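Here the structure is laid out as structure tokens; the discussion comes afterwards.
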Amino acid sequence: MRTAARRADVGGRVVAVVAGVLAGLTVRATAEGPQAGCTPGRLTPPAAEGPYYREGSPRRTSLLEPGMPGVRLRLGGGVFTRTCRPVPGAWLDFWQADARGAYDLAGYRLRGHQFADGRGRYALETVIPGGYGGRTPHIHVKVRAPAGPTLTTQLYFPGHPRNQQDPLFRPDLVVALREEPGGVAGSFDFVLDVD
Ligand code: FE
């Protein structure tokens, strides 16, 4: 916690966000989420696309840029079929607000797509987004198996104080989160409605 907070030295607001995230982790991980691990038939629910998606994001696994404010987040996991078989080559397109809650609407800052590896794994380096308007912090993502339908959804952070005020928040879209040197590591497994 101290490490993450110190590195996120962009104001008390961001530090408070991280404190909330980590404080909620141990008590809420079980109640809020099964997201590390696939349960057959338990599909990842869709969520609103929102107004800020842009097609054509660059292919990259790190959205970090020099000097980018915010707490570093390493997010990873698997993409699975409804029977929990991995989906190699699945396409994942991430987009999010920056630590202050602002989207890049002119370029592709904090936007990027990638393809799951041969074991259906993905990995993303980014920062914890800020909330905005009535929204609690979230990361948008589209996930698609090769030749499959596109799942559009959003990921949330455990224990964030704004979760309960956001009508779009869903506990089954919360990432599992743990502290690590320099930031936090999150995991979330996507289960798609494909064979
Ligand atoms: Fe959003």
Side-chain angles (χ1 to χ4, degrees), residues 8 10-11 13-22 24-25 28 32-33 35 43-65 68-77 79 90-114 122-144 149-177 183-192:
V10 294
R13 182 158 158 266
V14 171
V15 170
V17 165
V18 177
V21 166
L22 296 177
L25 176 59
R28 299 197 189 196
E32 284 195 339
Q35 293 72 24
L43 304 178
T44 302
E49 178 177 291
Y52 301 130
Y53 180 64
R54 299 190 70 207
E55 291 186 0
S57 73
R59 181 177 178 176
R60 55 185 176 183
T61 57
S62 177
L63 308 182
L64 297 175
E65 295 173 12
M68 182 175 271
V71 175
R72 299 291 172 90
L73 167 65
R74 274 193 323 114
L75 180 66
V79 182
W91 170 81
L92 303 102
D93 197 4
F94 294 95
W95 74 104
Q96 66 171 87
D98 66 17
R100 299 182 178 95
Y103 285 85
D104 180 3
L105 304 178
Y108 288 96
R109 187 164 170 264
L110 290 169
R111 301 169 185 271
H113 77 272
Q114 62 179 278
Y122 74 95
L124 180 74
E125 284 189 310
T126 184
V127 295
I128 300 267
Y132 58 89
R135 299 306 318 283
T136 196
H138 58 277
I139 294 178
H140 295 269
V141 61
K142 290 178 181 284
V143 188
R144 185 170 62 232
T150 300
L151 168 70
T152 299
T153 193
Q154 302 185 20
L155 305 181
Y156 297 98
F157 300 95
H160 195 282
R162 291 176 71 169
N163 285 347
Q164 300 309 322
Q165 282 97 56
D166 185 337
L168 294 182
F169 171 79
R170 289 185 60 134
D172 47 4
L173 290 172
V174 172
V175 304
L177 208 62
V184 292
S187 69
F188 189 92
D189 292 327
F190 296 98
V191 185
L192 304 179

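Numbering of ligands and ligand atoms starts at 1, following listing order. We use all heavy atoms of the structure for the numbers below, so side chains are in, but hydrogens, waters and symmetry mates are not. The model shown is predicted, which means the values in this text are computed figures rather than measured ones.
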Any donor-acceptor pair under 3.5 Å from Gln165 side chain to Gly134 backbone: no

Donor-acceptor under 3.5 Å (Asp98 side chain, Pro69 main chain): no

Tyr103 N/O/S atom closer than 2.8 Å to the Fe ion (ligand 1): yes

Test item: side-chain donor near acceptor, Thr150 and Arg144, under 3.5 Å: yes

Passing option when His140 is tested against Phe94, Tyr53, Trp95, Tyr52 for ring-ring contact (aromatic ring centres under 6.0 Å, His included): Trp95

2.8 Å cut-off met by an N, O or S atom of Gln154 to the Fe ion (ligand 1): no

N, O or S atom within His138 nearest to the Fe ion (ligand 1), by name: NE2

